[in-house]
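Let me begin by presenting the structure, written as structure tokens, before commenting on it.
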Amino acid sequence: MTPEEILELIYSLIASIPRGHVASYGQIAGMAGLPRHARLVGRALRETPEGMDLPWHRVVNHAGAISARNARSSERDQRHLLEAEGVRFRGERVDMRRHRWEP
DNA sequence: CGAGTGACGGACG
DNA sequence: CCGTCCGCCACTC
């Protein structure tokens, strides 16, 4: 698999997270056949072109918390996007028991 | 080549 | 529910 194909796979996996559900970076990496590559998913997301229509907000860390990124799209925005589609929070963390994506 | 650095994950107290 | 420490891996300098 070429690096480009890996990236496409990661993007397609994220694209298939259903509304109202979330997945962790590590979970996506695992589904892509790359265990222990959670950080790769983070990088892929960080370098996502503006135009690409991807539900990036449905990816959180393993604890259900929102990981830091550019000031561009704040943590508050991601939380609002999730809550808008029915994702419930417990404090600062997504209720993973309820919303973790399990294909 | 070694040290530092992350949109990370897990164990432990 | 913290904070801390450590493992991990691609990338940068």
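Lettering of chains follows the sequences in order, A, B, ..., and the numbering in each one begins at 1.
Base pairing annotation: C:dC1 forms no Watson-Crick or G-U wobble pair, as no partner gives both donor-acceptor distances under 3.5 Å.
The CZ-P distance, from A:R39 to B:dG10, rounds to 13 Å in whole Å. Regarding A:Q27, its CD atom lies at a distance of 11 Å from the P atom of B:dG10, rounded to whole Å. For A:R43 and B:dG9, the CZ to P distance is 14 Å, given to the nearest whole Å. To the nearest angstrom, P of C:dC1 lies 11 Å from CG of A:D95. B:dC8 atom C1' lies 15 Å from atom CD1 of A:I66, rounded to whole Å. Rounding to whole angstrom units, CE of residue A:M52 and C1' of B:dA7 are separated by 15 Å. Between A:L7 atom CG and C:dC9 atom P the separation is 18 Å, expressed in whole Å. As a whole-Å value, the separation of A:Y25 OH from B:dG9 C1' is 13 Å.
Listed pair A:H62 / B:dG10 meets the phosphate criterion, a side-chain N or O lying under 4.0 Å from OP1 or OP2. In terms of phosphate contacts, A:S24 brings no side-chain nitrogen or oxygen within less than 4.0 Å of OP1 or OP2 of B:dC8. Residue A:H37 places none of its side-chain N or O atoms closer than 4.0 Å to OP1 or OP2 of B:dC8.
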Discussion item. Between A:R19 and A:R58, does the side chain to side chain contact (heavy atoms under 4.5 Å, CB included) criterion hold? Intermediate values first, please.
Written reply: CA-CA 8 Å; A:R19 264 180 67 87; A:R58 299 187 187 138; 3.1 Å; yes
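Among the heavy atoms of the strands lying under 4.0 Å from A:L45 is at least one base atom, whether or not backbone atoms are also near. At the heavy-atom level, A:R36 lies under 4.0 Å from the strands shown only through sugar-phosphate atoms.
Taking the side chain of A:R46 as heavy atoms from C-beta on, and the options B:dC8, B:dG10, B:dG6, the nearest nucleotide is B:dG6.
Atom P of B:dG4 sits at a distance of 16 Å from the matching atom of C:dC5, rounded to the whole Å.
The closest donor-acceptor contact from the side chain of A:Q78 to the backbone of A:V59 lies under 3.5 Å.
A salt bridge links A:E83 with A:R79; the closest basic N to acidic carboxylate O contact falls under 4.0 Å.
By the 4.5 Å heavy-atom criterion applied to side chains, A:L45 and A:I14 are counted as neighbours. The shortest distance between side-chain heavy atoms of A:H57 and A:D77 does not fall below 4.5 Å.
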